[in-house]
Each structure stands twice: as structure tokens, then as C-alpha cells.
Amino acid sequence: MSNLSVRGAPKSPPASRTGTELPPQYRPQEIEAPLYRRWLEAGLFTARRPRGVAADKPGYVVMMPPPNVTAVLHMGHGLNNAVQDALIRFERMRGKETLWLPGTDHAGIATQNVVERLIAKEGKTRFDLGRAAFVERVWAHVRETGSVILDQLKAIGSSCDWSRTYFTMDEGLSRAVRECFVQLHEKGLIYRGHYIINWCPRCLTALSNEEAEKEETDGRLWYFRYPLVEGSGAVTVATTRPETMLGDTAVAVHPDDDRYKGLVGRKVRLPLTEREVPIVADDAIDPAFGTGAVKVTPAHDPLDFEIAQRHQLQVIDIFTPEAKLAETVPLRFQGMDRFEARKRVAAEIESLGLLEKTENHRHAVGHCYRCDTVVEPRLSDQWFVKMAPLARPALAAYRTGRLRFIPERRGEEYANWMENIRDWCISRQLWWGHRIPVWYCDAPGCGKQTVSRTDLTRCPGCGGTVRQDEDVLDTWFSSWLVPFSSLGWPDRTADLAAFYPGDTLVTAPEILFFWVARMVMAGQQFMGDVPFTTVYLHGTVRDTQHRKMSKSLGNGIDPLDVVERYGADALRYTIIAGMGVGTDLILDPDDLETSFAPGRNFANKLWNAARFILSNLDGPTRPLAGRGPNVVRRQELGLADRWIIARCDATVAEVTEAYAKFRLSDAASAIYHFVWSDLADWYLEQIKPRLYGDQAGGDVARAVVARVFEVALQLLHPIMPFI
RNA sequence: GGGCGAAUAGCUCAGCUGGUUCAGAGCGCCUGCCUUACACGCAGGAAGUCGGGGGUUCGAAUCCCUCUUCGCCCACCA
């Protein structure tokens, strides 16, 4: 907004406002929606002249983090979009061609869960409907409710380019997903493997490492004695999961551990199963933990699985997909829930006199990020993306400064993740999502596996019938492409040429790895450049006890409630003024009045200042700058006039810098103080005698106040666009 | 276990490169005011050993060390 200046040439003669009357009461409800409609009708948010086409106009592109298609607006969205809108409006006012691209995410697990709950009310499961009917049901739900969240974003004033709105399951974006899969496969970066993955026994699907959220939990460490098969004595192992001992196929010790030197190669008899399992030596064992001897359950622990591979151990899967005990365990345990089995196994071991002791033990346990169920490590066939080759350029982008983070420290988290990257499990045992584009030939003797951009009905090898992989892709496998798939990729569209790479990504730190980091990797891989150059990570909305606002805690605030009561401007001002760079926003769900007082009071103040000013602009108003006989000459300005003009210019500079540095709360408070303390409390009071006609200079005061107030409103526009 | 932040008025937080906008803002609180824009307001006011301790410096909320307390991210010690 560097082109704003009090003495700069006025865009429109203030005289045009002469005689305007505002209603005495500030009623945002009556102003905001009609104004928003006018903006839309005028097409003000539609990016028209892409970069390259009109090279004289620099661009500014922001990709909205697409909300889940079933989502309803919460304060997190409110904060996220208030920030984006402030940035996009600021750059738009600075004269850039802006694109703020909105969309929705099909949100595989989340949406499938929602619809499953819906049909559960009819007493049905997805299996009752069958795959095709269930997917159709989800589509129906999406068609019906999918635009709710976007309409809600409009209510808070978001100036998105709605003409380019996308959905991650649109035809075009689905094509992008296929193209991406095929290309990565061709480069050897996608593979199918038999590994231990994180499994949610409630959602019945694999999860990525990021989707299994570690939570520190108070647990227990049980010490079990496994008797030696030959001779007397026993080996004591320590475990946090007694139930898995039913799937043990070995005991492992460190090769240099003198305590067990003579035992390696011998066997123990596994209690409860009477299975004889070997004692093996493996470097992965930490002699310092527990007894230094570890029970090995290859099917249910990643480390144990690796040990099993090194020693060719038997692998026994003891769980069903629901994490109940399977037929591979003694009959009395079969069908038992894993936590019930934990108690039973421990109790039986104890009754056999084989429980040496137990200890309290705090450790991290994975939980499903969608339903919070304790994740079960499970051995299965899944598709993976080899991540190290993708991470290298993404890390380089950060190291070279091409990509930066606000606040800066988040960059180190990003780098740390990139440096320790692990392969990405992308297959999900769900029905809602992009189906994996792989077809298997059933013909005897062929068995060919084909990865294809187009649907197949016949095997390209033998012409036999094929069946498509049953699984769908991780939701984030479409999200990570959004910065270019939403612009038309893989086609070379004008939008893609014009708007890639974008500029700023505004999001919550929770999805730094899920989404942000992967977008950078995909951008580098498929477009040869980062998708954005600045990542602004804002804080979280919390209640007065600093708990994250959530539906389950019932401590949320409905932003639309706030809009209804105090207006979108008040909501937005409160959010932005209350939020430091990268810090959390604390609001009291039980006291909206107090929580939103800053915004509400300020909006009301502005309204009344405007009323006062407009009601006094009844005479012909003179321009402050420019040419002509009417222009206010410098000598005509009084001390107060010169002071408020100086303050206004200083505020313009301060606010412009604050916006440009993403210090939105600084911008908000600078405008607040200018309007309230300088303009309202001092200047407006000072000019009253002049305006009321009993002193000279009323026309000069009118000229000054009209211009100064106009500038203040312009400065405020990114934050409070309606007023 | 590794990495990183934060601690300033009752509450939420500014304070960016050590020094006259350095002890600030909003809310809350106290005292007056329905002064013809606004009581969602106006004029005033009280309120902080800047988490504790040590250091560097002419000078520290700000830099260093240390302790305490909260928080975040990462992690295959079962």
C-alpha cells in the first residue's frame, strides 16, 4: 500500500460522499452479505490476467488448504482464512493480480466415516450396500453438502476466486493423481511391499506414519520367564504387550551380551502355546533395556519383523483385522479383544509362576488420527512411495532459501523430517478415494501386473481378464498435487503457466508433514520448482484452559455465530489482532461477548466515526492535493491538520511494512491506535468547533478528515473488508 | 531419548538490532461523566522484583550460563 498517502492524488473526489447518511446503529448483518454479493457480481475476486499474459502486473498466488468436503466451519478455518484473505487483499490493493484458489478435499477416511455413520442409522454397514452402491452414496452426500463449507467461507468475507474452485475427486484432479502414480512408478519410486504398517482396527485400513499419532501413555512392563527346553532355567523377557507373546517365534539378545553367551542357539518353550522357539543374537537389541532379552513377535512389531527376516524366523499373525485374536492362538483366546487378551495372558503367566515382576513404564503409543483408536502394527501388502529421492530437492529448496518458513524455527522441523524421511505407505483399505491404478491379470501362467493411466479391461500381456487393485490411495496423495493439479496439470494450461509457482501457503503446523512438505516434494518432482516460496504457519485456536477447540470437547466457537452477532469484520479483527506470529489464539467459548469485544468495539467505533464524518461533509469538499484553484494550500493547514496528516502517513508506512512482514497483529493494532487515539480522540474532537461553523477553516478540516479517514479504511481493508 | 520454543499487569499478549515512545496494549478493575459520532462511549486512575539464581556490560525484559515450570515437534528401547 505504498501508493497510499494522504497528500497523494485522491482516487476519487471526496465530494462524491457529500450528504451521505448512515443509519445510527451499526448492523453488520445488513451490510456484509449484500456487499459480498456485489463484489461477486463485479467479479472482483476472479484472476483475469495471468502472469506472462500481462507481464506488467505482478501476480500473487495463495492456495487455500482445501477443507474436508464434509467439514463445517470452525474457528480454525476462521483463523486460517482470515489470514489468507488479509494477505490476498493486501497484495490486491498493492496492485498485484491475485489468485486465491479454493477447493475441497475428498478426505478419504474422514468422509467414509461420516457416511458410514449415516448409514449406520439405517442399521446398515458399507458391506451391506456393497462397494459401488456405497461409493455412490458418498457421492450423493458430497453433492448435497459439499458446498456448505465454501458458502461459510463466503460469510466471513473470503475473497477467493470461486470460478476456479476444485474438488480433489474432480475428473481433472483424478487424472493428475493417475499421472503422478504412473510417473513415479515408471521412475521406480512406487513399489508394493510386504511390511509392518500402522493399521487402524476400527477404520480397517493402513495408515502412514504421520497418520499414526504418537501419544505418551502410562503403560506397564511385564517380565515373563520363558523356560529353556533343555535343562533347567529360563530366559526372562520384558514386554509392554503381553498378548503378543502368543505370536512370539524367537527370543533375541545382543551378540556381545555375556549374560546370554551360552544360550544363543538354544530354545525356550513358549508358555501358553508350548511352542519351541530359538534364542537368536541380533545387533538391534539394546542390552541395557529390560533384561537384555527380547521376545520376538515378527508379525506385530517392525523391529521384530526385521529380526525375523535376518534369522529366517517363522511369522505368526495372531490378530484379525479388527485386532481380535485369530485362529493362530490357543482356542480359549480366539476372538478376544487385544486389551482383554493382555490381561488374560498376563494373568495366566502369573498363575504359572512365570511372571517375574511388573514395572510402570511410560511409552509412546500410536493412535489413529481420524478416530483415535490405538494403532496396531500389522504385516500386510501395501503400496509405498520411495521418499528419499523426493526429499533431496525439497530439502535443498529450504537450504538454499528458495523456500522459507514463518516462524523460522518451523523450517528446522521441516528439514529434520526431510532428513529422516521414511517411505510413504499410500494404499488404504477404503472404498472412498482414488482407486489404485494397477490391474492384475488372473490368467493362469500370466499374472501380469499393469500400472495404467487409463482403465483396463484386458491384460495387455495375454489379453486375459484383469481386476483392479481393491485399495484406494491416501487422501494426501491427491492433496500433495493440488498446487498444480488445481491449475490443470498434467495439461499445460494457461493457468498453470500463469500461476505456478505460487507465493504464500498459510496453514496450521499440524499438517506440515502431511501436506506442506509433500507439496514441496511433488512440486519439485513434477514442476521443477517449489509450489510456494513462503510457508506461514499460524497457531491453533484454544479455549481459556489452553485446550484445542474441538467438537469432542464441546469447547468450540461457531464463527458464523460470531458473524451473526457482531459481524465478520469484528470476527476477523479479533482473530488477527489477537494472534501473534505463530502463536496460539485464546478465546473463551463461554463468553463470546468478552472474547470478541476488541473487534466489536472497534467496528462500532469506526461506524460512528464514519457517521460523524459523513454528516459533516455537507459543504463542497476541497481536494487535499492535485491541481486547481480549489486545492487546499499548505499554509491553510493548521497545527492539528498537519499533525494528523503526519500521523496518518506514519501509520501507512508502519502498517504497510507490518503486512509485508506477515505481522498482521501489528498492522491491526497500528491502525486501531491511529483511528481510535489519534483520529477519533484527538483530531475529531479538535475540529468540532471548526466544523460547526463558529471558527474558520471548516472546509480545510473537512478536506483533511475525509482523506485521512479514507486512508485509514483502506489500510484496514485487508482485515476488515466490509466496513 | 533427541530437537525447539515460551515464562512480562488479574487475563490474552506486544516489546524486532542491549540505551527517552522501555516498562506497553486490549480486556478486566477503580473514580467521575447519558459532553448533539459512539455508554460497544468519554475523561482520569490503580496495577508488574519482566519465572528464580548467577554472569557479560557504563547500562539487561532484551546477550550468556544455570535452575524451575509449561508447551511443541521428532523417535522401531521391546
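First the proteins, then the strands, lettered A, B, ... as listed; each starts at 1.
- If you check the side chains of A:R702 and A:N616, you find no donor sitting under 3.5 Å from an acceptor.
- Rounded to whole Å, the P atom of B:C22 lies 12 Å from the corresponding atom of B:C16.
- Among the atoms of the strands shown, none is found under 4.0 Å from any heavy atom of A:E657.
- For A:E685 against B:A43, no side-chain N or O and base N or O form a donor-acceptor pair under 3.5 Å.
- Nearer the 5' end of RNA chain B, as judged by each residue's closest nucleotide, is the contact made by A:E412, out of A:R422 and A:E412.
- Residues A:Y536 and A:F405 place their aromatic rings such that the two centres sit no closer than 6.0 Å.
- Across the protein-nucleic acid pair, A:Q545 atom CD and B:C70 atom P stand 16 Å apart, rounded to whole Å.
- Here the side chain of A:W676 is nearest to one of B:A75, B:U12, B:G41, namely B:G41.
- B:C63 and B:G55 make up a base pair, with Watson-Crick or G-U wobble contacts both under 3.5 Å.
- Checking B:C76, B:C40, B:G26 against the side-chain heavy atoms of A:R600 singles out B:C40 as nearest.
- Base-pair partner of B:C77: not found among the strands shown (Watson-Crick or G-U wobble, both distances under 3.5 Å).
- Side-chain polar atoms of A:D248 and A:T297 form a donor-acceptor pair below 3.5 angstrom.
- Candidate nucleotides B:C73, B:A75, B:A37 were compared by shortest atom distance to the side chain of A:E413, and B:C73 ranks first.
- Comparing B:C73, B:A37, B:G41 by their nearest atom to the side chain of A:N601 picks out B:G41.
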| task | Report the C-alpha distance between A:D666 and A:Y659 in whole Å, list the side-chain angles of each, state the deciding distance to 0.1 Å, and finish with yes or no for side-chain contact (heavy atoms from CB on, under 4.5 Å). | result | CA-CA 8 Å; A:D666 285 358; A:Y659 277 132; over 6 Å; no
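- A:H363 has no side-chain polar atom (N or O) that falls below the 4.0 Å cut-off from OP1 or OP2 of B:G1.
- Taking 4.0 angstrom as the limit, A:K214 places a side-chain polar atom (N or O) nearer than this to OP1 or OP2 of B:C76.
- At the heavy-atom level, A:H300 lies nowhere under 4.0 Å from the strands shown.
- Here B:A75 presents its P atom at 13 Å from CD of A:E419, a figure rounded to the nearest Å.
- In this structure B:U36 sits in the anti conformation; its chi angle is more than 90° from 0.
- Separating the CG atom of A:D282 from the P atom of B:C76 is a distance of 17 Å, rounded to the nearest angstrom.
- Nucleotide B:C77 holds its P atom 17 Å from the CD atom of A:E359, rounded to whole Å.
- Heavy-atom neighbours of A:W643 CH2 from other residues, nucleotides or ligands within 6.0 Å: above the threshold of 12.
- Residue contacts shown for A:R241 are absent, as no nucleic acid heavy atom lies under 4.0 Å away.
- Under a cut-off of 6.0 angstrom, the local environment of CD in A:E216 is crowded, with over 12 non-hydrogen atoms contributed by other residues, nucleotides or ligands.
- Across all strands shown, B:C27 pairs with B:G10; the Watson-Crick or G-U wobble distances both stay below 3.5 Å.
- Across all strands shown, A:A238 has heavy atoms under 4.0 Å from base atoms, whether or not it also approaches the sugar-phosphate.
- Proximity note for A:N604 (side chain, C-beta onward) versus B:C27, B:A37, B:C40: the nearest is B:C40.
- Closest approach to the A:R409 side chain among B:A14, B:G5, B:A37 is made by B:G5 (side chain taken as heavy atoms from C-beta onward).
- Across the protein-nucleic acid pair, A:F513 atom CZ and B:A75 atom C1' stand 12 Å apart, rounded to whole Å.
- We find that CD1 of A:I586 is positioned 13 Å from C1' of B:C70, with the value rounded to whole Å.
- Taking every side-chain heavy atom of A:R410 into account, B:C72 is the closest of B:C38, B:A25, B:C72.
- Within the nucleic acid shown, A:T583 comes within 4.0 Å of sugar-phosphate atoms alone, with no base atom in reach, counting heavy atoms only.
- The phosphate of B:U21 (OP1 or OP2) has no side-chain N or O of A:H673 nearer than 4.0 angstrom.
- Nucleotide B:C4 has B:G71 as its partner under the Watson-Crick or G-U criteria, with both atom distances under 3.5 Å.
- Mapping A:L585 and A:L679 onto RNA chain B by nearest heavy atom places A:L585 at the nucleotide closer to the 5' end.
- Around atom CD of A:E350, no more than 12 heavy atoms belonging to other residues, nucleotides or ligands sit under 6.0 Å away.
- As the counterpart of B:C42, B:G32 is assigned, both hydrogen-bonding distances of the Watson-Crick or G-U wobble pattern falling under 3.5 Å.
- Of the candidates B:A78, B:A37, B:A25, the closest approach to any side-chain atom of A:I285 belongs to B:A78.
- Residue-level contact check: A:D588 touches neither bases nor backbone, having no heavy atom under 4.0 Å from any strand.
- B:C16 is unpaired under the criterion used here, namely a Watson-Crick or G-U wobble arrangement in which both key atom distances are under 3.5 Å.
- Atom CG of A:D591 is separated from atom C1' of B:U12 by 13 Å (rounded to the nearest Å).
- Looking at A:E412 and A:Y398, their side chains do bring a donor and an acceptor atom within 3.5 Å of each other.
- Taking every side-chain heavy atom of A:A364 into account, B:A75 is the closest of B:A75, B:C42, B:A25.
- Rounded to whole Å, the distance from CG on A:D584 to C1' on B:C73 is 14 Å.
- Taking only side-chain atoms of A:F289, from C-beta outward, the nucleotide of B:A14, B:A78, B:A37 with the closest atom is B:A78.
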